[in-house]
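As a basis for the values below, the full set of heavy atoms in this structure was taken, side chains included, without hydrogen atoms, waters or symmetry mates. This structure is a prediction, so every number in the text was calculated from the model and none was measured. A note on names: the letters A, B, ... follow the listed sequences, proteins ahead of strands, and every chain is numbered from 1.
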Amino acid sequence: MGLLTTMLAFWIIIFVMFVMINRGIWVFTDVSKSLTMFMLEKALGPPIDFVEGRKGSASTTWIMHGALWMIPSSTITFCGLWLAHDPDALHSLSSWGLNPSSSSLILAGILTASYGSGGMMLNGVAMHVIPELGGTRLASEKNAVLMALVWTIGVVILFIGANNPEILGIKVMLVSSGILLLSGAAVIVNILLTAASRTKKMALPAWMMIIGLLAAPISVVSLFVSGAHDTGTGQWLATRMTGASFSLMLAGAILYSASRGSGNPLWSRSLAAVTMVGTILTISSAGVFDGGVAADFLGIQKASFEPTRNEIIAGSFLLAMSLIPVIALSANVMATMRGDDVFMENPDHPGMPEINLAAIALVPISIGSLLVHTDHLTGTGEFSGIQWTLAMMGVWLVFVPGALGSALCIFPEASGRNVLSMNRSRWAYWLMAGGAFGLIFSMMSDFSQASLNQADAIIEISIVDRLSVLGSILFYGTVIGSIYHCLNLISGSFRGSLVDDDQPNSSTSISSPYVLTKETTVRKILAQREGKLDTVVIPESNSDSPGSPTEL
Amino acid sequence: MLVLGFVSAIIFLILYGILFPDSDLPVISSVLPVFEGVFDSGIWFFILGVMIGVFAILGTMLTEATSE
């Protein structure tokens, strides 16, 4: 029962950590705080003096790094999709010793999008949200800025490792996970110190982000505690628990941003609690399907996936249960964004369309992933052909849009400036979302190929290639959208309008009265951007003229 | 200036073709074979677009950072 033992260890360690964050570590609390603060700043010596330490700089730096990572990760994914139908397209790179294949590029694209793009943006959001909800400041802005650079180096090595796992006998992915662990540990310590200095009760999104940050290293510890690290089931479970870690971070970020951007209170705290507890207690269907990736990260031998009967039953049950927190999150985010009306209250607020897309796409993609995982777990393997496309859809339709939307939402507050142009932001959204929906054609191609394989068809059907071509070309929209977003953020950080200038000024000039044909609410008038607080509302059936008998 | 340069280049190429119909273009005809077999897939046009985007970002960073 390696699966249940590992999950049990995971639950216990998470619970212990939660209690320790709330209660401290007895008499050692103050000593550990001052010692850790010293380790974060002074102990690092001269490098710490090269980085900025003003409020919001850590969050802004991580967000900018994450946004910049969107370009290479989407480009690599695009190349991977292209090579699926034209394997020799990049053969000229072989003169440089590079022989990229479709599968290696797609894996590299998913990993860089997860750790580089979405992961960095979510860390940046956490560095703003947790201090904000705790009524305090980030413990060390300087250390967090410095760690963004270290994390980026880790992701570069991760990209190399995904394409070339071993160079000169060195396991590249293991080096990468070491660097990511070093940077991640500093971020976790920084966040824990911030949480320890909170001045008020923190809302659930902050706790989700803290537990999400902790869940990744805890999953590795629980894997080694249970001894399941060298089994196929354990390695598969490691990728699932990493998915849970990212899911919790994402949930906290989009719940906070949906509320912040729309101006509505969180629709349901109970559903938020269900999301947090449910994600911890179940097996997440998010993330890559192959447990071998976890083995590469940990530098251990890949084991064949041979779950026992009990593991199949327990795993299938916990996987199925993972839909509950997913549906709770999606419903909560959408209801929060819409408030009491049937439409979104503030659709032009930065990041709102991206968060809306992530919340809508979350449920169907999770259901699809659940089916593929259950198929994989039971050994049927009928859906194995679509697993990579489904993972890419999860990344580019849920994870990256959700992280990007949250980042765009808090960027003005963190950096003090707005993005340069809302119009460009809107264009970038449509390009990214449209491009990512192109993956549906890639999935259709995968299904066609799977059907042909099952039928043992020898004839060559060009529809598979044609759909694959269409999918890859459409995905180029995501690449262009990423570039647009980056340009907008970079220019905005220099020339964007100052946030203080955005404060609504009291005005007595009213360009046009809002004509009513039926009863409405002030909320709807404001949400339609038809009026301000001092707009004159004139019901059409009323007038100021004195009454007179009706003429016949 | 860009338009003038472009028009001049086109005029030069047309004139060269008329005056030396059987001769290859100097320098360019020697350089192009180096890239033969390199950009033989449509993916390179897309990658070229990404490169332009990346240079646009670098250019934006430089100009924004150095502008008054």
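Checked by atom type, the side-chain pair A:Ser101/A:Ser104 shows a donor-acceptor distance below 3.5 Å.
A donor-acceptor distance shorter than 3.5 angstrom exists from the side chain of B:Tyr16 to the backbone of B:Asp24, with no hydrogens or angles considered. No side-chain donor-acceptor contact under 3.5 Å links A:Ser445 to the backbone of A:Phe441.
Of all residues spanning residues 77-87 of chain A, those with a heavy atom less than 4.5 Å away from chain B's heavy atoms are A:Phe78, A:Cys79, A:Trp82, A:Leu83, A:Asp86, arranged by number. For a heavy-atom cut-off of 4.5 Å, chain B lies close to no residue in residues 106-118 of chain A.
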For A:Leu467 and A:Ser442, run side chain to side chain contact (heavy atoms under 4.5 Å, CB included): C-alpha distance rounded to whole Å, both residues' side-chain angles, the deciding distance at 0.1 Å, then the answer.
CA-CA 6 Å; A:Leu467 286 169; A:Ser442 302; over 6 Å; no
Under the side chain to side chain contact (heavy atoms under 4.5 Å, CB included) rule, what do A:Val400 and A:Glu354 come out as? Steps first, then yes or no, please.
CA-CA 9 Å; A:Val400 172; A:Glu354 283 84 358; over 6 Å; no
Would A:Lys142 and A:Met147 satisfy side chain to side chain contact (heavy atoms under 4.5 Å, CB included), going step by step from the backbone distance to the final call?
CA-CA 9 Å; A:Lys142 282 187 163 192; A:Met147 286 306 121; over 6 Å; no
Applying side chain to side chain contact (heavy atoms under 4.5 Å, CB included), run through A:Ile71 and A:Cys486 and close with a yes or a no.
CA-CA 8 Å; A:Ile71 300 172; A:Cys486 282; 3.7 Å; yes
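One distance of note links CG of B:Leu58 with OG1 of B:Thr63; it measures 10.5 Å at 0.5 Å rounding.
Around atom OH of A:Tyr476, more than 12 heavy atoms belonging to other residues, nucleotides or ligands sit under 6.0 Å away.
Contact of A:Ile480 with chain B is not made at all, since no heavy-atom distance falls under 4.5 Å. Contacts of A:Thr75 with chain B are made by side-chain atoms alone, with heavy-atom separations under 4.5 Å and no backbone atom involved.
No salt bridge links A:Arg54 with A:Glu141; every basic N to acidic carboxylate O contact stays at or beyond 4.0 Å.
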